[in-house]
Amino acid sequence: MIVGVLVELSNKKIDRIFDYRVEERFIDSIKIGIRVEVPFGHQVLEGFILEIKKDSDVSNLKSIINIIDQDIILNRELIELGKTIQKKTLATLISCYQVMLPKALKAKKNTIINKKYDIYYKLNENIEGNFNKKQQEIINKCMMGKIKKEELVKISPSSLKTLIKKNILIEEKKEHYRLGYQDSSDKIKELTINQQRVVESVDLEKEDTYLLHGVTGSGKTEVYIKLIEKVLKNHKTALMLVPEISLTPQMVQRFSEVFGNRIAALHSALSEGEKYDEWRKINRKEVSIVIGARSAIFAPLSNLGIIIIDEEHSDSYKQDNNPRYDARDVAIIRSKTNHCPLVMGSATPSLESFARAGKGVFQLLSMPNRINGKKLPQVELIDMNQEIKKGNSYFSSELVKQIRDRLYRNEQVILLLNRRGYASFITCKNCGYTAKCPHCDITLTYHKTSNMLRCHYCGYATNLDKKCPECKEEAISSLGIGTERVEEELRKILKNARILRMDYDTTSRKGMHSKMISEFKNREYDILLGTQIVAKGLDFEDVTLVGVINADTSLNIPDFRSSETTFSLLSQVSGRSGRSNKEGSVIIQTFNPDHYAIQFVKNHDYIGFYRKEMKIRYQLKYPPYYYICYLKVSSKNCQEASRETNKIKRCLEKNLKEEIILGPSPANVFKLNNIYRYGIIIKYKKDISVYPILNNLVEHYRSNNKVNLELDFNPNHF
Ligand code: ADP
Ligand code: ZN
């Protein structure tokens with residue numbers, strides 16, 4: 001017997017299947033999709049068996065050394081899926097399999113993660129002999145069935161030992177998982193007519209993709225739950241993705257109320273051991289629902305009956321390192337393989353998905369109203385240009401007035417500090433002006449060392465001038481504000497308010513985030529102040545005011561999606577207000593009150609925003625009209641990186657006539673860990689024209705030790 005093994009070598013040059021011989025003693029254990037140890041040069045490596053065959057073209061084959069898994073860890077579907085992802089991302093095949101598995105199962109990561117066992121004892125068939133009192137007590141207890149070791153130890157450790165030695169008791173090990181949910185108790189809510197209509201529109205026997213556009217508070221969660229219930233009744237399984245479950249505890253809680261221990265959860269806040277256990281529950285078909293973040297799309301569920309992706313617009317579904325896959329694309333592939341529907345929901349769908357729905361590629365489902373006729377909140381815009389003149393740099397008079405009003409009425413407030421901008425860009429502190437590239441309509445990035453502003457799409461550069469070209473003040477700076485600072489200011493103004501600050505610092509400790517959420521829900525605080533995490537999926541009855549402190553930060557990030565991100569964020573956070581009987585309102589502080597993204601948020605007009613933004617994307621040749629691939633060239637040697645990037649650019653220009661090639665330009669973060677990075681952007685219409693040439697480039701640079709080339713299709717950031 002010969003097997004084809006894909007070995008794990010960190011060296012990027014080798015990404016191939018090698019043939020090995022299987023000795024007689026291993027033959028019965030060989031299966032496709034298990035890991036084995038194989039000799040490779042002078043090393044012993046781990047690898048996945050991907051093929052079983054009779055003969056090989058290679059002579060002098062070496063033999064496999066050992067078998068690692070009893071159970072298959074990559075089933076046939078995942079093996080095929082890995083190959084497809086490899087072709088789409090041009091990453092190494094091995095990385096496409098590694099990303100599917102919990103760390104404990106990745107080849108050669110040297111992580112040893114134990115399984116945990118409960119030990120039970122039961123009586124042997126014949127129990128003859130003389131026993132002392134304690135021994136008899138143990139035997140009597142075991143007459144009732146299997147008894148847990150701990151209970152018997154309590155009676156007498158030495159008697160237990162004796163009975164085991166005499167073969168009176170037989171040991172049984174049962175694996176014990178680290179996590180578990182209670183049995184379910186709650187019922188599904190009775191659906192409204194609108195929700196019912198949506199549920200009935202989904203054909204569970206077909207592989208269609210549905211886009212559920214439902215405003216905030218329209219009851220999408222219950223729709224998902226109902227769909228899953230129907231799927232389980234058909235004896236199939238369900239896979240549900242959420243942007244980051246540790247940040248959406250309310251959703252997981254609702255699911256566990258209904259489905260209890262039929263759920264396994266997979267997300268980054270779990271320990272490696274917990275992930276391993278959850279994964280095995282799935283692999284052994286002990287659960288029928290998986291809820292998880294991005295990588296849960298690879299959950300080894302068999303007999304898949306539905307895939308659901310909540311908050312479809314979230315950029316967390318795209319992985320930022322190799323393999324740079326998009327869970328939404330993977331979901332489409334899995335839905336086709338399993339002939340089951342994919343339902344993607346959002347109050348603010350991504351432009352790409354909404355455009356596909358417009359073309360009939362996806363089926364559009366919509367829930368335009370909140371549950372039980374509740375109104376969407378009134379949104380008021382505050383022009384910060386005016387407030388600055390009054391000396392209010394953080395909080396406008398109107399926002400303060402309304403917060404006081406809510407405190408007085410014993411209602412709650414959510415305040416968002418928009419900190420989307422991680423890149424260094426500059427703004428005018430007086431009027432909010434930001435410099436943009438004349439060619440790409442992209443915010444220019446500030447490069448400290450050269451004191452210049454650069455467009456990292458096309459490479460355009462200009463000197464930094466402290467004087468603002470709009471208001472003529474010397475107020476251009478790169479200063480941002482943090483939540484701590486805002487909290488301080490807020491405490492000065494509102495001495496008695498109980499303020500809870502929630503950002504990535506205060507929630508990084510395990511369990512902190514859900515603790516804070518329940519404290520806020522229990523009315524231990526009046527004001528929840530935080531970054532983007534307060535915008536996500538929270539449902540508090542008593543919140544009747546949402547304030548956005550600085551709407552513009554996300555408008556100014558150097559990214560063609562900045563308007564979309566801003567529209568989506570502000571709509572989402574607005575949606576936290578007035579979700580129960582009390583009417584809600586929203587105050588948005590901005591330097592750009594006339595910006596279309598902000599105007600459309602005010603009017604709750606997703607469709608209006610979509611149309612306007614699509615025109616701009618069309619004019620500037622951005623997605624969804626063009627695909628984008630970002631080529632990142634990096635090297636320790638700056639000149640080498642620059643030279644190779646130019647070479648690549650020339651090669652692309654020679655081979656791609658229809659496509660648009662931008663750059664090279666220094667990457668957003670040009671120098672990182674002493675590695676210099678340049679980027680080239682390709683805008684293209686057809687996969688077929690660019691893939692062969694890009695594939696050649698990737699192959700070529702595999703054997704270059706000095707320069708590294710990475711590709712990112714449909715990137716989140718450049
Ligand atoms: P979305 O995810 O669309 O923003 P949610 O699923 O959070 O909305 O639902 C909003 C609120 O409406 C929640 O408090 C939920 O419990 C409630 N709700 C949803 N469906 C129903 C229903 N059919 N009957 C009563 N309440 C419902
Ligand atoms: Zn430019």
Side-chain angles (χ1 to χ4, degrees), residues 184-202 210-230 238 240-245 247-259 291 308-314 343-350 353-354 364-377 379 411-412 414 416 514 517-518 520-523 532-544 546 567-584 586 601 604 606:
S184 47
S185 55
D186 235 38
K187 292 258 153 50
I188 300 179
K189 290 192 169 70
E190 196 179 323
L191 297 190
T192 62
I193 294 174
N194 239 330
Q195 287 172 318
Q196 229 164 333
R197 186 179 45 80
V198 166
V199 168
E200 278 158 19
S201 309
V202 177
Y210 299 86
L211 181 64
L212 171 56
H213 177 213
V215 296
T216 55
S218 57
K220 294 186 285 295
T221 311
E222 295 301 315
V223 167
Y224 302 148
I225 288 177
K226 185 72 193 178
L227 285 168
I228 292 177
E229 192 201 34
K230 286 175 82 173
M240 159 114 174
L241 294 192
V242 289
E244 176 52 82
I245 346 188
L247 297 182
T248 41
Q250 288 186 326
M251 167 81 82
V252 180
Q253 195 195 336
R254 178 75 193 120
F255 266 73
S256 64
E257 281 163 8
V258 178
F259 297 115
I291 305 183
I308 294 171
I309 301 187
D310 189 33
E311 309 287 4
E312 170 278 335
H313 62 277
S314 167
V343 176
M344 305 202 284
S346 174
T348 54
S350 65
S353 293
F354 206 75
L364 185 65
L365 304 171
S366 68
M367 299 205 292
N369 301 307
R370 280 188 160 181
I371 284 286
N372 298 332
K374 281 163 217 154
K375 279 197 286 184
L376 285 165
V379 179
E411 292 169 358
Q412 289 179 299
I414 291 180
L416 169 75
S514 46
I517 284 178
S518 53
F520 188 67
K521 196 170 184 84
N522 295 335
R523 304 299 314 262
Q532 269 64 7
I533 51 181
V534 303
K536 287 178 184 156
L538 299 178
D539 189 25
F540 302 113
E541 282 190 3
D542 291 325
V543 172
T544 57
V546 163
F567 176 82
S568 160
L569 172 66
L570 298 185
S571 304
Q572 297 283 343
V573 73
S574 300
R576 305 306 117 210
S577 183
R579 288 168 77 88
S580 71
N581 304 320
K582 299 165 195 154
E583 223 171 273
V586 178
V601 171
H604 302 293
Y606 173 81

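When a ligand or atom number is given, it counts from 1 through the structure's own listing order.
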| remark: Residue set satisfying ring-ring contact (aromatic ring centres under 6.0 Å, His included) with H313, at least two apart, ordered chain then number -> none
| message | S577: which residues meet the side chain to side chain contact (heavy atoms under 4.5 Å, CB included) condition with it, sequence neighbours left out? | response | P377, V546, V586
| query | Which pair of non-hydrogen atoms, one from I517 and one from F540, has the smallest distance, and what is that distance? | reply | O-CE2, 3.7 Å
| Taking atom types as modelled and ignoring hydrogens, do the side chains of Q572 and T216 form a donor-acceptor contact shorter than 3.5 angstrom? | no
| Positive for side-chain hydrogen bond (donor to acceptor under 3.5 Å, both in side chains) with D542, one of K521, Q412, K582 | K582
| query | Name the residues in contact with ligand 1, where contact means a heavy atom under 4.0 Å away: which are they? | reply | K189, E190, L191, T192, Q195, V215, T216, G217, S218, G219, K220, T221, E222, I371, D539, R579
| query | For R579, which residues count as a salt bridge (Lys or Arg N to Asp or Glu O under 4.0 Å) partner, sequence neighbours excluded? | reply | D539
